[in-house]
Protein chains: 2
Amino acid sequence: MVHGPPTQAIDDVLALVREGGGRVTTARRAVIAALLDGSGEHLTAEDVAERVQRQHPDVHLSTVYRTLDALDDLGVTNHVHLGHGPSTYHLATDPHHHAVCNGCGTVVHLPADLFDGVAERLRAGVGFELTAPHFSLPGRCADCVSADR
Amino acid sequence: MVHGPPTQAIDDVLALVREGGGRVTTARRAVIAALLDGSGEHLTAEDVAERVQRQHPDVHLSTVYRTLDALDDLGVTNHVHLGHGPSTYHLATDPHHHAVCNGCGTVVHLPADLFDGVAERLRAGVGFELTAPHFSLPGRCADCVSADR
DNA sequence: ATAATTGCAAAGTCTTTGCAGTTTG
DNA sequence: CAAACTGCAAAGACTTTGCAATTAT
């Protein structure tokens with residue numbers, strides 16, 4: 001292992017899994033490790049599976065999907081739809097929003113409080129409670145905007 | 001026909017199609033009529049096809065997809081991802097945002113200017129230009145929030 | 001005429017599911 | 001041991017595509 005994620009961080013997440021009545025398995029440990037390892041990236045289920053399978057070739061893609069689902073239910077991970085492709089997953093720690101450039105596909109991370117104003121307006125206006133970011137904002141990044149001109 | 005959309009409105013859209021180098025066909029006319037007719041609703045490609053086929057049973061679902069694609073490219077329609085299901089389409093006139101309740105699935109229409117503040121912050125901060133709404137905001141509607149308590 | 005569009009069927013992508021066997025608590 | 005989890009293969013939902021025939025301009 002070159003530098004893998006700290007055992008501590010994995011165990012913290014696994015504790016949550018146990019608390020939720022879930023069981024700790026090799027597959028789950030590996031999925032969490034992959035997510036920690038790819039922290040800051042936008043991993044699809046297939047990306048996660050690929051990383052998991054480097055150490056545990058027998059873990060099946062469908063198990064990764066099921067694990068990711070379970071973690072999502074526990075609130076440990078979030079999945080985000082960046083565009084038209086597959087969903088991407090990341091740990092729920094460090095919540096943030098995403099903007100995707102439809103010119104070059106770049107994903108920009110945005111501060112978590114970006115929608116505070118919007119959330120407030122929705123709560124006051126229609127009583128709607130916004131939940132975790134789950135979508136991305138489409139647009140054009142600075143580079144593509146200059147290229148347009 | 002009970003009340004179908006005004007021919008005028010259809011022709012306006014068709015004019016845009018022609019301007020874009022596209023051709024006017026029965027299928028396209030019918031797709032546009034369906035969209036006008038379902039204005040305010042969130043029609044999936046299948047919904048559109050169903051409506052189209054009431055008058056023109058031979059129009060194939062794949063043609064509807066292609067037409068919707070073409071209209072999207074022309075900027076005449078937008079498609080929105082409301083959740084995990086199929087995309088929904090609507091005419092680009094009367095732009096608005098959507099919030100979807102993950103309790104009951106209700107879709108709430110939101111004012112178009114809701115993101116003005118966010119857009120400004122993004123433009124000033126990272127030079128990112130937000131484009132048309134293309135996603136929905138997840139959360140819980142007022143009813144489901146009360147039900148939670 | 002000729003380039004766009006269509007119907008159809010087939011394939012593609014991403015995700016879920018049934019089931020029998022295995023493992024965890 | 002019982003319930004949860006897994007691998008596998010198959011199916012499912014939604015969308016796209018190749019191609020030959022048709023149609024708009």
Side-chain angles (χ1 to χ4, degrees), chain A residues 10-11 13-32 34 42-50 52-53 55-74 76-89 134 136, chain B residues 10-11 13-32 34 42-50 52-53 55-74 76-89 105 134:
Chain A
I10 300 182
D11 288 345
V13 177
L14 290 176
L16 294 173
V17 171
R18 280 209 183 81
E19 275 170 38
R23 295 183 178 177
V24 171
T25 64
T26 304
R28 290 183 171 186
R29 202 184 305 272
V31 166
I32 294 164
H42 309 90
L43 304 178
T44 64
E46 203 129 20
D47 292 336
V48 172
E50 195 196 305
V52 165
Q53 288 165 358
Q55 312 290 327
H56 307 277
D58 287 354
V59 174
H60 197 276
L61 176 59
S62 71
T63 297
V64 170
Y65 272 109
R66 284 192 274 223
T67 299
L68 255 11
D69 265 17
L71 295 177
D72 248 50
D73 284 350
L74 288 170
V76 172
T77 60
N78 294 134
H79 68 279
V80 180
H81 304 280
L82 288 182
H84 282 180
S87 296
T88 62
Y89 300 80
H134 188 63
S136 66
Chain B
I10 299 183
D11 289 346
V13 177
L14 289 175
L16 294 173
V17 172
R18 279 211 181 77
E19 277 170 36
R23 291 179 182 182
V24 171
T25 65
T26 303
R28 290 181 173 188
R29 203 184 307 271
V31 165
I32 294 164
H42 309 91
L43 304 179
T44 64
E46 203 130 17
D47 292 337
V48 172
E50 193 196 307
V52 165
Q53 288 165 358
Q55 313 289 326
H56 307 277
D58 287 353
V59 174
H60 197 276
L61 176 59
S62 71
T63 299
V64 171
Y65 271 109
R66 282 192 274 225
T67 300
L68 255 10
D69 264 16
L71 294 178
D72 248 50
D73 284 349
L74 288 170
V76 172
T77 59
N78 294 133
H79 68 279
V80 181
H81 304 281
L82 288 183
H84 283 178
S87 295
T88 63
Y89 300 79
H134 186 63

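To find a chain, count down the sequence lines: A is the first, B the second, and so on, and within it residues start at 1.
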How close or far is atom [atom2] of [N] from atom [atom1] of [X], stated in whole angstroms?
| X | N | atom1 | atom2 | value |
| --- | --- | --- | --- | --- |
| B:R28 | D:dT25 | CZ | C1' | 13 Å |
| B:R18 | C:dT5 | CZ | P | 12 Å |
| B:L68 | C:dT6 | CG | P | 12 Å |
| B:H81 | C:dT13 | NE2 | P | 18 Å |
| A:D58 | D:dC8 | CG | C1' | 12 Å |
| B:L71 | C:dA4 | CG | C1' | 15 Å |
| B:D73 | D:dT16 | CG | C1' | 14 Å |

Under 3.5 Å, sequence neighbours excluded: what are the donor-acceptor pairs made by side chains of residues 58-65 of chain A?
residue: A:H60; atom: ND1; partner: A:S62; partner atom: N; Å: 3.0
residue: A:H60; atom: ND1; partner: A:S62; partner atom: OG; Å: 3.2

* Asked: In terms of side-chain heavy atoms of A:R23, which of C:dG7, C:dT24, D:dC14 is nearest?
  -> C:dT24
* To do: From the options D:dC5, C:dT6, D:dG7, select the nucleotide whose nearest atom is closest to the side chain of A:T25.
  => D:dC5
I'd like a list of close polar pairs between nucleotides 16-22 of chain C and the protein, N/O only, cut-off under 3.5 Å.
residue: C:dG18; atom: O6; partner: A:R66; partner atom: NH1; Å: 3.2

* Asked: Just wondering, do A:R28 and A:T25 contact through their side chains at under 4.5 Å, heavy atoms?
  -> yes
Quick one: list whatever passes side chain to side chain contact (heavy atoms under 4.5 Å, CB included) with [X], sequence neighbours left out.
| X | result |
| --- | --- |
| B:T77 | B:L35, B:L71, B:D72, B:L91 |
| A:S136 | A:L82, A:H98, A:V100 |
| B:S87 | B:H79, B:H81, B:Y89 |

* To do: Sequence neighbours left out, what passes salt bridge (charged side-chain N to carboxylate O under 4.0 Å, His left out) with A:E50? Give chain and number order.
  => A:R54
* Asked: Hey, is the side chain of A:S87 poking within less than 4.0 Å of OP1 or OP2 on C:dT15, counting only N and O atoms?
  -> yes
